[in-house]
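Worksheet: the structure to be examined is printed underneath.
Scope of the values below: all heavy atoms of this structure, side chains included, with no hydrogens, waters or symmetry mates.
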Amino acid sequence: MHHHGTQSDVVAEQMRKHRARLGLTREQLAEECARLGAPDLTYAAITNIETGRRNKEGKRRREVSVDELLVLGLALAVPPLLLALPLGGEDTVPTVPAAEPRDPYTVWKWFTGEETPTLAGPVDGRHYADPRPIGGHGPKWSAAWGAAAYPASLYPEFDRRRLAVTKAHRLTENAKTDPRADPKGVPEYHREYVERLDDLAHVINDMTRAGLAVPTLQREWIGDMTALDMVHAPEALTTNQEGDE
């Protein structure tokens, strides 16, 4: 484990680790970055990042930008967030300059919106969410965070429920077309499909109420949800299947 002063220090350590994993030289990594449209990540730039060279004020000569984090992750075949938050690889990582380092998985959940950041404290060994109103008179910080993070909970849930509909729909269609299937089982499969479709519709309604774009769906599902009056705003639903306007 290492002590890192900044997130760029963490990324630098992980760059070295993953270059070694792939057997890449710095020159080869620079070529991969250029292929991805980032020619400024040259051999010299990568060297400065990895070595953490400091200026006379003790600051890094070369930090890693958000744009570069994405490029470096793709070039090194590693999820970009893992370069900054190496799960299982470090005890702690830096957060913001005014707060203590925390374990990578806790910070990971801040990045993904799964958990409200607990930067204040510790008090009795526990950190807690900032209780202050933003700007002194605005909304409570934790409430504002929760509202902004809402989409981060809806889209993964949408994916889970869409997968459940896909499986139920496939079973229904197979039961209808497979000559070996017992036709008496079709109503049960169809009932399961409708229930899973209704589950998906609940998330879709939450998304449209929040003004969020709904990912594309199968045309048949849209028709079924509309016919069964499951969705509040059917006009918000789109499909990428051929034959649609």
Side-chain angles (χ1 to χ4, degrees), residues 1-14 59-60 63-74 78-164 199-217 231-233 236-238:
M1 304 296 175
H2 302 81
H3 172 72
H4 300 291
T6 68
Q7 281 286 353
S8 289
D9 292 334
V10 180
V11 173
E13 175 68 24
Q14 294 304 307
K59 294 184 177 181
R60 270 182 158 269
E63 303 283 358
V64 180
S65 72
V66 173
D67 293 342
E68 290 170 344
L69 183 65
L70 179 58
V71 171
L72 289 166
L74 297 177
V78 59
L81 197 52
L82 279 175
L83 290 177
L85 303 171
L87 301 181
E90 298 288 344
D91 289 331
T92 62
V93 292
T95 54
V96 294
E100 295 182 341
R102 302 291 292 279
D103 70 276
Y105 187 50
T106 291
V107 184
W108 180 286
K109 289 184 285 187
W110 300 350
F111 268 78
T112 60
E114 298 172 67
E115 192 172 282
T116 302
T118 50
L119 294 173
V123 173
D124 295 329
R126 298 184 65 179
H127 293 82
Y128 55 94
D130 191 340
R132 67 180 175 85
I134 297 176
H137 303 285
K140 288 290 184 68
W141 187 90
S142 57
W145 172 276
Y150 186 46
S153 67
L154 288 178
Y155 282 92
E157 188 61 30
F158 176 92
D159 275 345
R160 285 189 287 270
R161 297 191 186 192
R162 178 168 56 181
L163 179 59
D199 290 341
L200 178 61
H202 278 81
V203 177
I204 289 172
N205 289 333
D206 288 341
M207 296 173 87
T208 55
R209 276 193 293 267
L212 302 173
V214 179
T216 57
L217 296 163
V231 287
H232 300 155
L237 307 184
T238 59

For the student: nearest non-hydrogen atoms of [X] and [Y], plus distance:
| X | Y | answer |
| --- | --- | --- |
| Pro131 | Lys140 | O-CD, 3.0 Å |
| Gly138 | Pro133 | O-CB, 3.2 Å |
| Ala152 | Gly113 | CB-CA, 4.2 Å |

Go through it in stages, so that I can follow the logic: the residues are Lys109 and Glu115, the test is salt bridge (Lys or Arg N to Asp or Glu O under 4.0 Å), and I'd like the CA-CA distance, side-chain angles, deciding distance and then a yes or no. CA-CA 5 Å; Lys109 289 184 285 187; Glu115 192 172 282; 3.1 Å; yes
Main-chain N/O of [Y] paired to [X] side chain as donor or acceptor, under 3.5 Å:
| X | Y | result |
| --- | --- | --- |
| Gln7 | Pro94 | yes |
| Thr216 | Thr238 | no |
| Asp9 | Thr6 | yes |
| Gln14 | Val11 | no |

Stepwise, does the side-chain contact (heavy atoms from CB on, under 4.5 Å) test hold for Leu83 with Leu69? CA-CA 8 Å; Leu83 290 177; Leu69 183 65; 3.9 Å; yes
For Thr118 and Arg102, does a side-chain donor sit closer than 3.5 Å to a side-chain acceptor?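 Yes, because at least one side-chain N or O of Thr118 sits under 3.5 Å from a partner of the opposite role on Arg102.
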Any non-hydrogen side-chain atom of [X] less than 4.5 Å from a side-chain atom of [Y]?
| X | Y | answer |
| --- | --- | --- |
| Trp110 | Leu119 | yes |
| Pro117 | Asp130 | no |
| Leu217 | Phe158 | yes |

What pairs of residues pass the ring pair (Phe, Tyr, Trp, His ring centres under 6.0 Å) test when at least one of them lies in residues 111-134, not counting sequence neighbours? none
CA sep, side-chain torsions, deciding dist, call: Asp103, Val107, side-chain contact (heavy atoms from CB on, under 4.5 Å): CA-CA 7 Å; Asp103 70 276; Val107 184; over 6 Å; no
Does atom CZ of Arg126 have more than 12 heavy-atom neighbours, drawn from other residues, nucleotides or ligands, at distances under 6.0 Å?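 Result for CZ/Arg126: open.
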